[in-house]
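Both backbone and side-chain heavy atoms feed into the values below; hydrogens, waters and symmetry mates do not. Since the model is a prediction, treat every value here as computed from it, not as a measurement. Just so you know, ligand 1 is whichever comes first in the structure, and atom 1 is the first atom listed for that ligand.
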Amino acid sequence: MTKRVYNFSSGPAVLPLPVLEQAQRDLVALPGVGMSVMEISHRSSTFEGIIGKAEADLRALAGIPDSYRILFLQGGATLQFSMVPLNLLTEGRTADYIMTGSWADKAVKEARRVGSVHETGSTADTNFNRIPSDAELRFTPGAAYVHMTANNTIEGTEWHRLPPVGDAPLVSDASSDIFSRPIDIAKYGLVYAGAQKNLGPSGVTVVIIRQDLLERSSPSLHTMLNYAVHAENGSLYNTPPAFGVYVLGLVLEWLIGQGGLPAIATINERKAGKLYAELDRTGFWRPTAEKASRSLMNVTFRLATEDQEKAFIKESTAAGFDGLKGHRSVGGMRASIYNAFPEKGVDDLIAFMRDFERRNG
Ligand SMILES: *Cc1c(COP(=O)(O)O)cnc(C)c1O
């Protein structure tokens, strides 16, 4: 097998090796079926079994109550920026958006096309390097919903509490930290995530929605944009992203095998803790997020000069640490260390960083 590098990409991101190996083993013919998952009907009992098990495992893994529906959709998290307001922002109401980064910016832009929107808690004045405090948040009484971005993939910040939204349904873009730790779904109206960071390959998007919110979806909506239609049809209104759902199912089995979300959270805390400790050890590295807002998934940092950053990225790539360049909008470095990123890769990166510091500090 070709040697695998350490993949720090922000997404699509590293998948668990056992998942890739099983997908490879079953690629040409699923056991007992004699065809690949890409070749079978989505109406076949085989695929019904695959999507049914994925849903059941997802429900078990996160303890999702029966009063929530799980949808497997397409269009990425970005289509949810439109579907959320199209379905939930009903006539005469306002949706609140908490402005914590570039993805929140993109989400609110789509909501504005649909209806009345109120932005709150923006931390743009400090380049989104922190999550706002409760005192900085102002919600609209009777808001249609409040939208938050659980983990700000580009800026390296993450919510470590939930905003006090009262009775308003909380809608969370959890694309980059879903199932990296336990989640109390009952506190949300809707959670959505593109799969390609923590759940599987790109092409499938998970939406977890409280059943009663489906009543808001107007029959006049375009069919494919209507949550109620997807729920009624068990995510099989049209051809679903079958291969993506299959691999997502393998990732869920892997997560369960790891000991579930509490066990994964412990590992994630340990991985991020080591890396932040290294960044804080001397003044050489410059972590960009405020300590209390630091993401356990995307660790963002800079060096004193852009030349030094260029050298670090070049040398780290050559040494087998791929994808450490920060997002083009913010520069610097970003180590994305999602669920499937191996702890050994963090340890090896730290050793590499020590050596780089010794040579350049
Ligand atoms: C990656 C990402 C998106 C965009 O996801 P797509 O699936 O590419 O549409 C949206 N929100 C967050 C927080 C992300 O990390």
Got Phe301 and Thr288 here, is their nearest side-chain heavy-atom distance under 4.5 Å?
->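 Counting from C-beta outward, Phe301 and Thr288 never come under 4.5 Å.
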
Any side-chain heavy-atom pair from Tyr97 and His118 closer than 4.5 angstrom?
->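 In short, these two side chains do not touch, never coming nearer than 4.5 Å.
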
By side chain to side chain donor-acceptor pair (under 3.5 Å), which residues pair with Lys274, not counting sequence neighbours?
->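 Residues passing side chain to side chain donor-acceptor pair (under 3.5 Å) with Lys274: Glu343, Asp347.
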
Which residues share a side chain to side chain donor-acceptor pair (under 3.5 Å) with Arg216, sequence neighbours left out |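 Counting only residues at least two positions away or on another chain, Arg216 forms no side chain to side chain donor-acceptor pair (under 3.5 Å).
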
N/O pairs closer than 3.5 Å, ligand 1 and protein:
residue, atom, partner, partner atom, Å
ligand 1, 7 (O), Ala77, N, 3.1
ligand 1, 7 (O), Gln196, NE2, 2.8
ligand 1, 8 (O), Gln196, NE2, 3.4
ligand 1, 9 (O), Ala77, N, 3.2
ligand 1, 9 (O), Thr78, N, 2.8
ligand 1, 9 (O), Thr78, OG1, 2.5
ligand 1, 11 (N), Asp173, OD2, 2.6
ligand 1, 15 (O), Thr153, OG1, 2.4
ligand 1, 15 (O), Lys197, NZ, 2.7

Using a 3.5 Å cut-off and no angle test, enumerate the donor-acceptor pairs between side-chain atoms of residues 235-255 and protein atoms at least two apart in sequence or in another chain.
residue, atom, partner, partner atom, Å
Ser235, OG, Phe72, N, 2.9
Glu253, OE2, Lys53, NZ, 2.9

Is it true that a side-chain atom of Thr140 and a backbone atom of Ala143 form a donor plus acceptor pair closer than 3.5 Å?
->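 Looks like no, no N/O pair under 3.5 Å.
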
